[in-house]
2 protein chains.
Amino acid sequence: MTTPPKTSTKALPPGAQRATSHDVARLAGVSQSTVSRVFRDGASVTQATRDRVEAAARQVNYRPSRAARALTSNRSGMIAVIATKPSHRAHPEVLYDLGEEIQAAGHRQLVFVLPEDRVDVATVHDILSYNVDGLISCAVLDDDAIEACHAARVPVVLFNRESPAMPVASISCDHGAGLHALFARLAAYGTPEITYLAGPAKSFVSASRLTGVREAAAAAGFAIATVLQGDYSFDFGRKAMTELGGSGVVPRILLAANDAMALGAIEACRRDLGLRVPEDVAIVGYDDVPQASWPSFELTTLHQPVRDMAAAAVSMATARMDVPEFQSEVRRLGATLRLRGSA
Amino acid sequence: MTTPPKTSTKALPPGAQRATSHDVARLAGVSQSTVSRVFRDGASVTQATRDRVEAAARQVNYRPSRAARALTSNRSGMIAVIATKPSHRAHPEVLYDLGEEIQAAGHRQLVFVLPEDRVDVATVHDILSYNVDGLISCAVLDDDAIEACHAARVPVVLFNRESPAMPVASISCDHGAGLHALFARLAAYGTPEITYLAGPAKSFVSASRLTGVREAAAAAGFAIATVLQGDYSFDFGRKAMTELGGSGVVPRILLAANDAMALGAIEACRRDLGLRVPEDVAIVGYDDVPQASWPSFELTTLHQPVRDMAAAAVSMATARMDVPEFQSEVRRLGATLRLRGSA
DNA sequence: TCAGGAAATGACTTCGTAGTCAAAGACTAA
DNA sequence: TTAGTCTTTGACTACGAAGTCATTTCCTGA
């Protein structure tokens, strides 16, 4: 398995300490205060001194210590992001999207990968001990946890989640328009009845999608024949569809709470049941993962604007950083229908 | 698009400052030093005082400030991870894997999402300004950049990359055994010739896979008929295969530098060329992404042990944190053959 | 040329914890 | 009991930059 590690050692240069503002000050012939001012915005420094200081700083590779800065100004330049293990299934790139946006906003992303889909006060206190300037959570936060952030004046943004009780800033997805368009389209099949493959019961996203589907179906005069509770996996979609086929009740229209299950169902139709999509079964997913557009699948799905949601989350967080009073806001970006071959 | 934001404001409790070690000390009737000792490991405190201090700390939700701790002890409890934009294509879950391992090791993951696949000294100095305890890079680092980390006594681990010149710790993938097994299998087709869909020229991973394939092919008596330079995308794989088919030279065996291109090639065979896989064309990928095992594709591929590599990277980093002298080590985990239907 | 005001700069203190050192307390052996 | 060792504790300072305030410098207009 492992190549026998070729290990070698090498002595390090001895006096390799990072330069401080005092070092730069001495080198540039100014005071430490002045060096500090050069590296702070809104400071008033002569262009000449600024040049001298910057030259000196460059010479010794000086960068202000974030730790020291955090201590005095209470701003660390970091935004914490809570990500849960299962959350990466549908959109593994979320951390990259958020990371880019955070970076672009001049901050850094401190990631906490946590096992559970619910985060408590203890975790938040740990996060707060890093003096983060903001918190974006892809997990559900306890009311206490949110309260703790508010008390510490750290803006919180819930990502793809909303808090039912606590007032808090959140960015999530509005299913309304997309689902409306979808059902308008599905009406063409002449069978106003759907089968729904839902996500896990306790998941916020799952619940909100189910609600959205129920409302849109009702509005469009559709009945929901069956709701099967799944786990967002390809395999579940495949098995569920196979079982439906085996029991003789093949749905005319199948909606899934995410793309993986929808793709699994398509597989089941083709491989296991010998059914054609969309001629025999129309199948619709949710998310618009890259594979949805692959020619093998051509999955009609609801596109969730993850990238835009990430940008919104970061801008909501940064906007609140300098505002002393807490601001609640429920923001939703619309999901759009991606009409492809499967329905 | 956006729901009219229901914005409400709410006054914050006034004296909501985070508790300090002094507060806890006062509450517990001890000195600040003692509080500090309780929250440090290897300290010597009586059980009785420890209990009192911990009770007081719990009462006011005290956690030591990481910023202050970083300032005095020069340990921030964070490991920086450099991730590049394109790197997420094959294994978007890397940040989750690394994140979990880092968390398990008692540290936090500070993510830098950067556009380029090459990182210079300036970036590293920025990273070092956060006082990180280690750096795991999924991007190529300049020699200067590595040098800067060494000088700052911050252990560096290159992830899925190796540095040709600089001595450094790295964890990457050994293609040897897996490719050997693959070619042994491919010999059954009786056509000792392959076509290879490579990755981008400047990419380290791409280059190392190409080298691996060349060596294994030579060892097994295979010729490489064509090498096409791709971009790791599904679309490129599909187009490349279609063009090969259109020009009349359909390869008997096609190897791709990643799964996405291989899957694209399978698509092209089925949809565009009417060829059967593996009867007409045998196709092999690299990575073992989830879709490779989907019944639609059944892609034979080389599995890259990302999870294990993440664990190794973190343990290599943490192991070096308390060691004063720098230790170089080239560690490789073997890719294993996942034999499925496509070859 | 000089007064008045704005801009630039430096001395000093602060942030919250870790570590150093010395003092006090507990315990052991004779 | 007493000297000697080990453990526990507290006073004090360092860490590196930011902010406060006082001082100096630079301009402007009369």
Side-chain angles (χ1 to χ4, degrees), chain A residues 17-54 56-57 60-78 125-126 128-133 152-153 322, chain B residues 17-54 56-57 60-78 125-126 128-133 152-153 322:
Chain A
Q17 284 299 323
R18 274 192 21 230
T20 74
S21 57
H22 286 98
D23 300 331
V24 176
R26 205 174 309 120
L27 199 59
V30 296
S31 71
Q32 179 268 326
S33 303
T34 301
V35 175
S36 172
R37 266 187 285 265
V38 170
F39 285 89
R40 223 181 322 163
D41 6 69
S44 71
V45 193
T46 313
Q47 190 58 43
T49 13
R50 175 180 296 275
D51 291 343
R52 284 224 315 286
V53 169
E54 284 177 344
V60 294
N61 276 320
Y62 169 75
R63 300 265 170 140
S65 154
R66 308 283 183 160
R69 182 174 281 187
L71 198 56
T72 48
S73 66
N74 200 30
R75 326 194 86 255
S76 64
M78 302 188 293
H125 276 120
D126 180 43
L128 292 177
S129 77
Y130 284 88
N131 270 312
V132 296
D133 299 337
R153 305 276 198 291
D322 294 309
Chain B
Q17 285 299 323
R18 273 193 19 230
T20 73
S21 55
H22 286 97
D23 300 330
V24 176
R26 206 174 310 121
L27 200 58
V30 296
S31 72
Q32 179 269 326
S33 304
T34 302
V35 175
S36 172
R37 268 188 283 265
V38 169
F39 284 89
R40 223 181 324 162
D41 9 66
S44 71
V45 193
T46 313
Q47 190 58 42
T49 21
R50 175 180 295 274
D51 291 343
R52 284 224 316 287
V53 169
E54 282 177 346
V60 294
N61 276 321
Y62 169 75
R63 301 264 169 140
S65 155
R66 308 282 183 160
R69 179 174 283 187
L71 197 56
T72 48
S73 67
N74 199 30
R75 325 194 87 256
S76 64
M78 302 188 292
H125 276 120
D126 181 42
L128 293 177
S129 77
Y130 283 89
N131 271 313
V132 295
D133 299 337
R153 305 275 198 292
D322 294 309

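Note on naming: letters A, B, ... go to the chains in the order of the sequence lines (proteins, then strands), and numbering restarts at 1 for each one.
The interatomic distance linking B/Gln47 (CD) with D/dT7 (P) rounds to 16 Å, in whole Å. Between the P atom of C/dG10 and the NE2 atom of A/His22 lies a distance of 12 Å, rounded to the nearest Å. Residue A/Leu71 contributes atom CG, which lies 9 Å from atom C1' of D/dC15 at whole-angstrom precision. A/Asp41 places its CG atom 14 Å from the C1' atom of D/dA17, with the value rounded to the nearest Å. Taking atom CZ of A/Phe39 as the reference point, atom P of D/dA18 lies 10 Å away to the nearest angstrom. Computed from coordinates, the B/Arg52 CZ to D/dT8 P distance equals 15 Å when rounded to whole Å. The nearest whole Å value for the distance from the CG atom in A/Leu128 to the P atom in C/dG16 is 15 Å.
Looking only at side-chain heavy atoms (C-beta outward), B/Tyr62 and B/Leu27 stay at 4.5 Å or farther from each other. Between B/Gln32 and B/Thr20, every side-chain heavy-atom pair lies at or beyond the 4.5 Å cut-off. In this structure, A/Arg63 and B/Leu128 have side chains that are not in contact, with every pair of non-hydrogen atoms separated by 4.5 Å or more.
Using a 4.0 Å heavy-atom criterion, one finds that B/Val45 contacts the sugar-phosphate atoms exclusively. Here B/Arg66 lies out of heavy-atom contact (under 4.0 Å) with every strand. Within the nucleic acid shown, B/Val30 comes within 4.0 Å of sugar-phosphate atoms alone, with no base atom in reach, counting heavy atoms only. Residue B/Arg75 is out of contact with every strand shown, counting any heavy-atom pair closer than 4.0 Å.
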* Stepwise side-chain contact (heavy atoms from CB on, under 4.5 Å) test for B/Arg18 and A/Asn131 -> CA-CA 10 Å; B/Arg18 273 193 19 230; A/Asn131 270 312; 3.5 Å; yes

* Please report the C-alpha distance between A/Arg66 and B/Asp126 in whole Å, then the side-chain angles of each, then the deciding distance to 0.1 Å, and finally whether the salt bridge (charged side-chain N to carboxylate O under 4.0 Å, His left out) criterion is met. => CA-CA 9 Å; A/Arg66 308 283 183 160; B/Asp126 181 42; 2.7 Å; yes

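Contact annotation: B/Ser65 does not reach the phosphate of C/dC15 (side-chain N/O to OP1 or OP2, under 4.0 Å). Between B/Thr46 and D/dT9, a side-chain N or O to OP1/OP2 separation shorter than 4.0 Å is present. Listed pair A/Thr20 / D/dG16 fails the phosphate criterion, with no side-chain N or O lying under 4.0 Å from OP1 or OP2. Regarding contacts with the backbone of C/dG19, a side-chain N or O of B/Arg40 is found under 4.0 angstrom from either OP1 or OP2. Side-chain N/O atoms of A/Thr34 include one lying less than 4.0 angstrom from OP1 or OP2 on C/dG10. Between A/Tyr62 and D/dA17 there is a side-chain polar atom (N or O) within less than 4.0 angstrom of OP1 or OP2. Remark: A/Ser73 is not in phosphate contact with D/dA17, judged by side-chain N or O atoms under 4.0 Å from OP1 or OP2. Distances shown here put a side-chain N or O of B/Ser44 below 4.0 Å from the OP1 or OP2 atom of D/dT8. For D/dT9, neither phosphate oxygen OP1 nor OP2 lies less than 4.0 angstrom from any side-chain nitrogen or oxygen of B/Ser33.
For a distance-only test at 3.5 Å, the side chain of A/Ser36 fails to qualify as a donor-acceptor partner of the base of D/dG19. With hydrogens and angles ignored, a donor-acceptor pair under 3.5 angstrom links the side chain of A/Arg37 to the base of C/dG10. Between the side chain of B/Gln32 and the base of C/dA18 there is at least one donor-acceptor pair of N/O atoms closer than 3.5 Å.
Taking CZ from B/Arg40 and OG from B/Ser33, the interatomic distance works out to 8.5 Å, rounded to the nearest 0.5 Å.
Of the two residues contacting DNA chain C, namely A/Gly29 and B/Ala19, the nearest-nucleotide position lying further toward the 5' end is that of A/Gly29. When each of B/Ala68 and B/Thr49 is assigned the nucleotide of DNA chain D bearing its nearest heavy atom, the one mapping closer to the 5' terminus is B/Thr49.
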